[in-house]
Amino acid sequence: MQVAQIIVDVPTRQTNNAYSYSIPDHLVDQIEPGMRVQVPFGNRKITGFVVGISDESSYDGKLKPIASLVDLSPVINPELLDLASWLADQTYSFQISCLQTMLPGGMRTKNKKKLIAQNSQVIDQFPEIFHGQQEIDYNRQQYDNATLSKILAGQKNGDIQVEYDLTNHARPIMLKAYQGNLNAKQVDEVRQTVRKNAVGQLKLLSLIKQQPDTVFLVSDLASKGITSSTLKNAEAKGWVVAKLKRHIRNPFMRPAKKSQPLQLNADQQAAVSSIDEAIAAQKDQVFLLEGVTGSGKTEVYLQSIAHALSLGRTALMLVPEITLTPQIVGRIRSRFGDQVAMLHSAMSSGERYDEWQRINTGKAKVVVGVRSAIFAPLQNIGLIIMDEEHDSSYKQADNPRYQTRDVAKWRAAYNHCPVVLGSATPSLESRARAMKGVYELLSLPHRINRQALPHVSIIDMKIEMAKHHEALSTQLKDAIQVRLDKHEQIILLLNRRGYSAFLMCRDCGYVPRCPNCDISLTMHKDTHTLNCHYCGHTEPIPTVCPQCHSKRIGFYGMGSQQLEEQVKNLFPTARVLRMDVDTTRKKGAHEAIIDQFGAHKADILLGTQMIAKGLDFPEVTLVGVLNADSALQFPDFRSSERTFELLTQVSGRSGRADKSGEVIIQTFNPDHYAIRLAKTQDYEKFYATEMRIRHDGKYPPYYFTVKLTGNSASENQTVSEMFGILNFLKKQLSSNAIILGPTPKVITRINNQYYYQIIIKYRKEPNLKAALDDILVQSQKKQRRGIQIAIDNEPLDFM
DNA sequence: AGCACGCCGACT
DNA sequence: GTCGGCGTGCTC
C-alpha cells in the first residue's frame, strides 16, 4: 500500500509534523510530493501538502485515505519542499506556514479550480469534460476515475491547464478573439463575393489566409481597421470562430526599450569576472559587492545575470520593497526582455499569480522581486543577487521570521551557484564576514562618472531652535530658495520614526493616549480624528483639554502633512509633492509621484524613508534631511547603523548627473559619529567605530541573538510566565550566554495585551535550539491560558 | 483550528 | 439526581 506524508493546514505546534494517509488506488502514481490534497482530519476535511510518498507508515493506527487532489501537478518543487522544512526549523515556525508563504498570495485560497482547454481539438476530444466550452469549473466529485486520468494526462502534455479560482481578482483574464475557419481555397472563393470597397472584410480574409492558425485578439484586429461589426458578420457567415485568449497581465506598466551592455570600468570588470567564474564553476561562493552610490553596481548585476543565462541557467535578483521602482525594473527588462518576471507586493494578486505561473512553467528565466521572491519556483538557478543587502525589509517581521540572506545562501548551496550581496553600506554582519574571508569582497570605490560626492553640511538644530521654532533651518531655507531660483529640484526627507504629530495641552501637558495601548494618539487631518497606529482606535479631536478644560490644546511634532503645509507657506510658488504611506496607498500612486517628479512637474519632493532609496533624479541638486537623528533616540543597537545608512543613501541622491549636489542634514546630535561619518561618506571609519561598539556591548556580529516575546491580557501573568522561561533558559544554557530580561517592550501594551521580552546573546550554545523548541511546546499548552510566545531568531531590533 | 471528553455548579 | 460550563488533548 502506498502512503503519503502530509503536512496538514493546521498551524499549531502539535500538528507540526507529517501525517500519514493511504493513497487510494485511483490516485496511486498520480500523487506527487509538492501537490496539495484534501484529507479527512478529525471530523473535517482540510488541505494538506504532500511532502513524501513511501510504501509504509510509521504510524500504528489505521490510516485514512486521501480524499481528493487540490492540485493536478506539484505547486512546490522538491527544492522548495526541502527548503520549507529547513526554514521551519530555522525560524521556529510551522512547516505549514513555510509552505504557505512559498505560494503566491492568490493561490493560497483554495477549493475552486478551473480547467481550461488550450486548443479547440481538446474541447472536441473530451466532450464529457468540456461540453464544448473552453473553460469549465473543476469539481473533483463530478468525474469518475477514467475521466480524471484523462484530465491528468491532458494536463501533463499541456492540452489542459488548471487555474485556481481565486476569490480576489487573481483570475486569468480571457480576451475575446477570433480564429479563421476557412482554408486558403475557401478564402479565395469567398473573396469573390465581397465588394471591392469592403476594406475591413478583405483585410480580415487575407489575414486568415496568411495565418490560419493564429488566434487574433479583437483589440489587435481593431487596430488593423477590422471592426467588431465586421467580425460579428464574419462569424455569422462562418468565416471565423470566436475564441478566448488568455491574457498574461503585464505588470511592467510600460514597454521596455532594448538596451545593450554598458562599457565596464576596471573595478566593475574585475567584479563581473569573479562572479562569472563562480557561476561557471558552480560554486556557492558569497560575494559582497561594496560600491558607493553611482558606482555602477546594477551594471555588474546585469552582466552577471547575462552570463548565467548564457550558460543556460536562471537568475534571481532581490531588491528592497521600496527600491523596486519602474526605473530599475525597466532597466532589467530592457536588457532581458520577456524572460523577466517580477514579483512585487504592489502588484495585484492576479498579476503575481500570472508571473508565478510564468516562473513555475519555466517561461521566465530572470526573476526580480522583493523578499518573498526568494521562494520563486525557479529551477537551475545560476546566480542570486541581493541588492541593498543591508535593507531591513529583507527580514520578515512575522512568522516565518526569516532573513532572506540566509534563504538565499541555502538556495545557492542547493543550486551550486554564487550569491552577490550588494550595498554601499553593507550590514556589519556581512562586512565582518567579508573581512574574515567567509565572503569574497568586491569593491567599486569610484563613481562611474568620477563625479565628486555632494557637499554635505550638518546643521545643529539645538542652535537653530534657540533662534526660532521652525522645522527648516535658515541655511536649508536659503538653499531651497537658491535651487528654486535656478529651477533645480529638491528632496526633503523626514525620518519616518517619530514623525507623527500628537496633541498636547499647553496648560497642563495632557496628551491623549490610546485606551488599549501605551502610546499617544496621532492626529489625522484628513479624517479629523486621533488614531492609534497600533490597534486602530479612533476618536474625535477634542477642542478643550479633557483634563483641565483649557482651550489651549494643540499639535506638537511634525508629520509629513504638516511639513508640506509649512513648505507651501514658505515657498508659495514652489510645486510640492508629498510621498508617504498616505499618498502612496493606492496602487500605482508611488510610480505616479516618481514619474511626476522625474518629469520635473514639481520642484520639491518631500516624504519619508521611501524617497531615500534607489531613485535617480538627475535634476535634484539639494537634499535636506529634516531630523537626521530621530532614529538615534531609539533604544536599539542598530540605530546608528540605520542612521548612517539612511544619510549615506540620501546623500547619494543628490547630484548624480552633471550638476553638483548639496546635502543639508539637520540634527540635534551633530557630534554623533553616525552623522559625522555620513557627512564624509566614510564607511570604513563607521565600520571600525561601530564594530568596536558592538564588540564592547556584545552585540551582533560578535554575538548571536534571539528575541523571545511573550504577551497576554494580564501583565502579572506575562511577567511570571517570562520569569519561568528565564529560569528554564538559565538551567539549559551555559554561563557564557547572556540572558537579558524579561523587560517590558518599549510599547508594553498593545490592544490590551502586555508584551515582555527576553533577549539571549550567545556565541556557542549547542542546547539553545532544543531549549527554545521546548519552550514553544510548553507554551502551546499555556496558550489556552492566554499567553503567547514568539521567537525571533536574529531579530533586527531589541524593541 | 475544531471537536470530544471529562470533571464541578445551579436547575427540572 | 442531571444539564452544561469550558479546561485539556487529539486529530494519520
Side-chain angles (χ1 to χ4, degrees), chain A residues 1-71 74-76 81 84-85 88-89 91-103 105 107-112 140 167 398-401 710-714 716-718 720-721 724-725 728 751-753 773-791:
Chain A
M1 183 184 63
Q2 288 231 300
V3 176
Q5 273 71 51
I6 291 170
I7 302 287
V8 293
D9 189 5
V10 181
T12 63
R13 217 14 73 181
Q14 300 113 68
T15 51
N16 190 32
N17 41 47
Y19 284 75
S20 301
Y21 283 87
S22 63
I23 301 176
D25 290 344
H26 68 275
L27 291 178
V28 170
D29 298 332
Q30 288 177 352
I31 285 189
E32 288 175 58
M35 286 180 176
R36 289 171 299 176
V37 289
Q38 292 269 116
V39 288
F41 192 69
N43 42 13
R44 67 214 160 104
K45 221 177 250 177
I46 57 171
T47 347
F49 286 77
V50 179
V51 294
I53 287 167
S54 56
D55 294 329
E56 261 169 56
S57 154
S58 52
Y59 181 67
D60 298 334
K62 196 175 170 332
L63 299 187
K64 291 184 183 175
I66 290 171
S68 63
L69 295 178
V70 171
D71 300 305
V75 291
I76 302 278
L81 223 41
S85 78
D89 190 58
T91 60
Y92 302 94
S93 49
F94 309 126
Q95 303 228 35
I96 189 69
S97 324
C98 294
L99 289 164
Q100 220 85 77
T101 36
M102 289 177 171
L103 296 180
M107 257 175 82
R108 277 172 229 168
T109 43
K110 46 221 158 164
N111 294 329
K112 253 199 156 176
R140 170 66 192 79
T167 38
D398 37 48
N399 269 322
R401 297 184 167 85
N711 67 286
S712 82
S714 142
N716 278 339
Q717 191 197 355
T718 311
S720 74
E721 205 59 61
I725 288 172
F728 177 75
N751 233 339
N752 289 323
Q753 289 276 314
D773 281 330
D774 203 53
I775 288 169
L776 280 181
V777 172
Q778 300 299 326
S779 79
Q780 193 71 26
K781 291 166 188 159
K782 281 161 189 157
Q783 198 167 355
R784 286 300 155 85
R785 281 184 253 139
I787 184 131
Q788 277 170 300
I789 303 291
I791 295 179

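Letters go in sequence order (proteins before strands), and every chain restarts at 1.
Here C:dC10 presents its C1' atom at 18 Å from NZ of A:K62, a figure rounded to the nearest Å. At whole-Å resolution of the value, CG in A:L63 and C1' in C:dT11 are 13 Å apart. Summarising the geometry, the separation between CD1 on A:I96 and C1' on C:dT11 is reported as 15 Å, rounded to the nearest angstrom. The distance from atom CD of A:Q14 to atom C1' of B:dG2 is 12 Å, rounded to the nearest whole Å. Rounding to whole angstrom units, CZ of residue A:R44 and C1' of B:dA4 are separated by 13 Å. Residue A:Q38 contributes atom CD, which lies 20 Å from atom P of C:dT11 at whole-angstrom precision. Rounding to whole angstrom units, CD of residue A:Q778 and P of C:dT8 are separated by 13 Å. At whole-Å resolution of the value, CZ in A:R13 and P in C:dC10 are 17 Å apart.
At least one donor-acceptor pair under 3.5 Å links the side chain of A:Y21 to the backbone N or O of A:P40.
For A:Y59 and C:dC12, the ring-to-base geometry satisfies the stacking test (centroid distance below 5.5 Å, interplanar angle below 30°).
A:S57 comes within 4.0 angstrom of nothing in the nucleic acid, heavy atoms only. Residue A:Y21 is classed as a sugar-phosphate contact, given heavy-atom separations below 4.0 Å to backbone atoms only.
Listed by first and then second residue, the side chain to side chain donor-acceptor pair (under 3.5 Å) pairs that reach into residues 49-63 of chain A are A:Q5-A:S54, A:S20-A:S57, sequence neighbours excluded.
The number of heavy atoms from other shown groups lying within 6.0 Å of CG (A:D25) does not exceed 12.
Residues forming a ring pair (Phe, Tyr, Trp, His ring centres under 6.0 Å) with A:F41 (at least two apart in sequence, or on another chain): A:Y19.
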